[in-house]
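All figures in this text were calculated on a predicted structure; none of them were measured in a lab. These numbers come from the heavy atoms of this one structure, side chains and all, not from hydrogens, waters or symmetry mates. Each chain gets a letter, A, B and so on, in the order its sequence line appears, and its residues count up from 1.
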Amino acid sequence: MFYRESGQLKTSYQEDQALLSITQDRIGLLLILIGAFVLIPLLASDYWFTAILIPFLVFSLAALGLNLLTGYAGQLSLGTAAFMAVGAFAAYNFELRVPGLPVLVSFILAGITTAIVGIAFGIPSLRIRGFYLAVATLAAQFFIPWLLVKVGWFTNYSSSGVITTQPVEIFGYVFDSPVERYLLVLAIVSVLALLAKNLVRSNIGRAWMAVRDMDVAAEVIGIKIMRTKLIAFGVSSFYCGVAGALYAYVYLGSVEPDGFNLDLSFRILFMVIIGGIGSIMGSFFGAAFITLLPIFLDIIINDGAALLNLKLAAGITSVMQLLVFGGLIIFFLIVEPLGLARLWQITKEKLRLWPFPH
Amino acid sequence: MTENILNVNKVSLSFGGVAALKNVSFQVEEHKILAIIGPNGAGKSSLLNVVNGVYKPQKGQVIFKGKTWKNVVPYEAARSGIARTFQNIALFKGMSVLDNILTGRNLKMRAGLLSQAIYLGKCQREETNHRKAVEQIIDFLQIQHIRKTPVGRLPYGLQKRVELARALAAEPELLLLDEPMAGMNVEEKEDMSRFILDVNEEYGTSVILIEHDMGVVMDISDKVVVLDYGKKIGEGTPEEIRNNQEVIDAYLGVAR
Amino acid sequence: MEFFLEVLIGGLLAGVMYSLVALGFVLIYKASGVFNFAQGAMVFFAALTFVGAQEKLGLSLWAALAFSLLLMILLGVLTEKIVLRPLVNQPPISLFMVTIGLTFFVEGLAQLMWGTKVYPLELGIPDEPVATTIESLGLSATNLPTVLQEINSFDLIAAIVAGVLVAGLAIFFQITKIGRALRAVADDHQAALSIGIPLKSIWAIVWSVAGFVALVAGLMWGARNGVQFALTFVALKALPVLILGGFDSVMGAIVGGLIIGALEKLAEVYIGPFFGGGIEIWFAYVAALLFLLIRPEGLFGDKQIDRV
Ligand SMILES: Nc1ncnc2c1ncn2[C@@H]1O[C@H](COP(=O)(O)OP(=O)(O)OP(=O)(O)O)[C@@H](O)[C@H]1O
Ligand SMILES: [Mg+2]
């Protein structure tokens with residue numbers, strides 16, 4: 001009854017092409033933003049900020065980056081974590097070597113550095129496709145962390161390879177407490193998500209999807225396949241790079257190259273698959289799901305065992321995680337290949353008709 | 001005398017051992033409709049693919065608007081004004097009808113990456129302007145009601161129409177249509193024939209059309225080229241082709 | 001020169017171990033067009049089942065072997081039925097992603113059944129230079145060239161096993177009715193279907209055979225490195241082999257494995273020191289990738305022009 005567009009006549013194409021053309025959607029987004037920027041900072045505890053909300057936002061950004069590449073441009077990558085590593089270590093070095101550089105500038109430069117690296121590793125996509133390309137991105141996944149470890153300069157000759165990030169300071173203000181860090185990530189992620197949404201609804205977004213859906217037809221229309229794919233690699237890597245910098249600076253505080261491993265890449269891919277391939281919002285759904293799932297699993301397994309008085313075998317939670325993650329991926333790809341975002345859309349369509357199903 | 005917009009000059013093309021085209025030549029006059037007919041596997045689609053640079057012929061030349069093409073790629077063909085549809089529908093399945101057609105205007109869009117990311121201002125104006133142009137095509141082909149539908153959900157006949165719309169969005173000078181009416185019923189074929197004739201008359205677009213339905217070919221084409229086993233075995237007005245003995249033997253003769 | 005030969009032969013023999021894993025990928029890809037990322041997980045599953053059945057169920061070596069084989073076939077058939085059949089006609093990339101999910105699931109399942117301990121796997125194959133083995137049999141090895149004396153017996157036997165396996169598979173596909181049907185399927189699914197080849201049972205058979213190949217690979221790799229989670233990474237070693245050899249060529253899997261094995265060992269010995277070592281993590285990938293840029297269709301693949 002309340003979610004519908006009837007009575008909302010659009011009088012220009014511009015209005016029809018607006019980001020949220022239905023009033024209720026606009027109100028919804030406003031409520032979410034108020035909740036995220038005002039209510040949560042008032043209500044949430046430090047544990048929530050550091051263990052759930054901040055990683056959720058950082059992973060959302062990484063998933064968003066991968067989604068642009070895989071979901072929109074159709075190029076599967078298994079090297080997301082490596083690109084995050086580039087972002088993290090680039091930001092670290094910019095801060096280290098350019099004294100007084102504002103942290104936000106470092107993040108942007110880190111994104112640009114990652115974009116360049118991403119484009120370099122995207123070059124094989126011009127000649128190879130599908131899972132051949134996926135395998136090729138593994139080269140980045142294995143090569144980049146190795147390089148970061150081997151070349152001491154990148155880690156400022158830290159013997160263990162671990163770097164501790166500089167304080168996050170903007171105009172003399174240090175973002176230190178969990179809630180401050182949360183708000184910073186939230187602001188960055190919100191802006192970047194908006195930019196991504198704009199990209200996918202304009203010319204480049206259509207070109208990406210065209211290349212994804214049928215590259216020969218795209219070329220015949222006059223889309224430069226090479227350029228389109230490389231832009232996808234560049235933009236996607238920019239997002240992953242910024243996500244990596246935030247991962248290091250705002251979430252963990254200290255990182256090492258080997259932490260950006262294949263497992264992390266897979267985890268982000270799973271966010272995209274479960275959240276919704278080819279959906280900006282889906283990236284957020286997926287990140288929330290994959291961040292929360294292990295926490296829930298842990299609680300269920302431990303409480304369940306306590307309740308039944310069972311002694312748990314060593315490592316059972318990680319085994320259960322493998323089973324549940326694997327099972328869910330299989331389930332979603334078979335039953336709802338467009339993920340949670342699609343389920344959300346179906347719900348909205350139902351609401352639009354409710355309570356009169358006509 | 002009218003100019004030739006396209007000259008195909010002694011083109012030969014083979015895949016491994018299979019010769020798909022053998023020494024084929026023909027011309028398309030400006031503002032005219034040329035039909036290519038021939039049995040299955042005759043090389044018709046391959047010929048279109050040579051014209052817009054998807055396949056590279058081993059021998060021969062393609063001359064478009066007086067310019068001889070060297071190693072042309074589809075992108076350049078599109079930029080010089082050639083658009084096409086495919087025998088097997090090649091729409092972008094994950095996109096709406098509107099987005100599919102808008103993609104056809106890709107070459108005319110100028111906004112840079114950053115401008116698109118910010119969207120306000122230049123990019124938005126551009127999007128709106130192109131939307132207007134696309135809406136005209138949508139009206140022309142009478143597909144207003146399915147604008148926002150994902151193309152994958154459309155019936156076959158409408159998909160073919162959307163593909164034509166996408167090609168028209170580029171405002172081509174030469175339109176290549178690979179069996180645009182295959183699998184359609186009589187009514188749909190009539191609609192499609194009318195659209196093609198209208199495009200040709202209103203915008204002066206030259207058309208190359210591959211079609212199996214001889215009735216349609218006789219009705220709308222100015223000239224017919226007949227292929228068989230990769231060789232051109234006949235060329236002329238529909239009337240001449242109808243009476244050409246070799247063509248009748250090779251093609252019309254077989255039960256159709 | 002002698003040292004070079006030694007490294008080369010060592011590399012080639014190590015490459016055989018890669019081929020062993022790559023073979024499983026190729027079989028499934030040929031028959032069903034699926035790039036089964038879970039092949040490495042299957043190798044792990046097989047090896048863990050084999051040792052687990054002996055340790056936990058107290059089965060004898062042969063009984064454990066039969067048991068593992070049975071379980072592998074079951075796993076293969078169920079995977080085909082439950083996971084892949086619903087996805088027939090989906091784009092290859094979806095099939096690929098589903099096998100990544102499968103990887104996680106199979107790894108979890110294996111550890112759920114047999115625990116997370118690291119087991120040794122004893123097949124009674126000596127892991128020592130050939131010369132030592134020959135002498136321990138009471139023979140003299142002095143008239144063998146030194147290069148050959150230095151070869152590891154285990155590597156040699158692994159190579160023989162791989163050779164027998166490939167020959168066996170070749171005969172299976174060449175002679176039996178199933179094999180002929182399978183080749184028809186690999187050539188053209190639609191056509192195979194239209195001449196009445198039961199596609200579904202063919203796929204089930206192929207997945208069973210892949211399960212068997214995974215078992216053989218699991219035994220060899222397990223005996224070499226112990227049965228532990230790291231075994232799943234052997235699949236990652238096999239991927240560059242596939243890029244190089246092409247996903248649809250048995251020959252490619254073998255030759256690709258040899259090339260990658262040899263290149264990797266040579267690079268490790270001659271280039272590695274300049275980088276401070278550790279290059280074997282990525283070297284194979286980069287080598288395969290560079291090759292691919294020159295020849296995108298792989299070593300044995302055909303050049304294809306898209307039809308439109
Ligand atoms: N990409 C390709 N690779 C290999 N052979 C090809 C390719 N494209 C076309 N051929 C071959 O070239 C010949 C001509 O094919 P083409 O598709 O041009 O015929 P057609 O006249 O369009 O037939 P139809 O009426 O069936 O569409 C056929 O023998 C076909 O098998
Ligand atoms: Mg054709």
Side-chain angles (χ1 to χ4, degrees), chain A residues 5 10 12-19 21 68 71-74 115 191-228 230-232 234-235 238-239 276-279 337-338 342 345, chain B residues 49 52-54 73-80 82-86 88-95 98-120 123-132 134-135 147-148 151-152 163 166-167 169-170 176:
Chain A
E5 54 182 317
K10 287 161 205 133
S12 72
Y13 293 134
Q14 186 168 335
E15 231 170 90
D16 190 42
Q17 287 169 318
L19 198 54
S21 58
L68 291 178
Y72 285 93
V191 170
L192 287 179
L194 175 68
L195 297 186
K197 184 74 197 174
N198 284 341
L199 281 179
V200 300
R201 70 195 175 116
S202 42
N203 196 29
I204 185 68
R206 286 189 297 266
W208 283 341
M209 291 186 269
V211 169
R212 170 195 70 189
D213 286 349
M214 180 138 306
D215 53 1
V216 184
E219 202 179 357
V220 163
I221 279 175
I223 291 170
K224 282 183 170 163
I225 307 278
M226 177 153 81
R227 189 165 164 272
T228 305
L230 288 184
I231 290 177
V235 174
F238 178 89
Y239 276 77
I277 291 176
S279 157
L338 296 177
R342 175 74 193 141
Q345 206 186 350
Chain B
N49 284 327
N52 79 328
V54 177
V73 293
Y75 167 77
E76 286 163 45
R79 254 209 11 203
S80 1
I82 301 183
R84 72 174 285 185
T85 67
F86 296 85
N88 301 311
I89 294 172
L91 286 169
F92 307 125
K93 287 205 182 59
M95 298 160 72
L98 195 58
D99 279 343
N100 263 278
I101 305 174
L102 271 168
T103 311
R105 295 190 71 80
N106 150 79
L107 275 173
K108 300 184 186 301
M109 302 220 176
R110 293 282 166 272
L113 193 62
L114 264 181
S115 160
Q116 292 181 57
I118 295 163
Y119 201 82
L120 298 172
C123 174
Q124 187 171 37
R125 277 197 301 279
E126 192 176 66
E127 287 283 321
T128 312
N129 288 341
H130 286 294
R131 171 75 186 270
K132 279 184 198 142
V134 163
E135 287 291 341
R147 253 192 216 105
K148 302 250 164 123
V151 287
E163 217 189 347
R166 186 180 67 186
L176 313 179

Test item: A:Leu199 and B:Leu113 side chains (from C-beta on) under 4.5 Å apart, heavy atoms: yes
Please look at B:Lys148 and chain A and tell me whether the side chain, the backbone, both or neither of the residue comes under 4.5 angstrom of a heavy atom of that chain. side chain
Would you name the heavy atoms of B:Gly94 and A:Asp213 that are closest together and state the gap between them? N-OD2, 2.8 Å
State the CD-CG distance between B:Gln124 and A:Asn198, to the nearest 0.5 angstrom. 9.0 Å
Minimum heavy-atom distance between B:Leu91 and A:Met214, given as atom pair plus value: O-CB, 4.3 Å
Is the closest side-chain heavy-atom distance between A:Met209 and B:Phe92 below 4.5 Å? no
Restricting to non-hydrogen atoms, name the atom on B:Arg166 and the atom on A:Ala217 that form the minimum distance, rounded to 0.1 Å. NH2-CB, 4.0 Å
Among B:Glu76, B:Arg79, B:Met95, B:Arg125, single out the residue with the greatest number of heavy-atom pairs under 4.5 Å to chain A. B:Met95
State, to 0.1 Å, how close A:Ile221 and B:Leu107 come at their nearest heavy-atom pair, and which atoms those are. O-CD1, 3.7 Å
Look at the side chain of B:Gln116 and the backbone N and O of A:Asn203, then say whether any donor-acceptor pair between them is shorter than 3.5 Å. yes
Please report the interatomic distance OG(A:Ser202) to CG(B:Leu102), rounded to the nearest 0.5 Å. 11.0 Å
Within the supplied structure, the quantity of interest is the number of heavy atoms (other residues, nucleotides, ligands) at a distance under 6.0 Å from A:Lys197 NZ; does it exceed 12? no
Taking side chain as everything from C-beta outward and backbone as N, CA, C, O, which of these in A:Ala218 sits under 4.5 Å from a heavy atom of chain B? Side chain, backbone, both or neither. both
By a 4.5 Å heavy-atom criterion (distance strictly below it), what part of A:Val235 contacts chain B: side chain, backbone, both, or neither? side chain
So how far is it from A:Thr228 OG1 to B:Asn106 CG, rounded to the nearest 0.5 Å? 7.0 Å
With only heavy atoms counted, which part of A:Arg201 is less than 4.5 Å from chain B, the side chain, the backbone, both or neither? both
Measure A:Ile231 against the heavy atoms of chain B and call it side chain, backbone, both or neither at under 4.5 Å. side chain
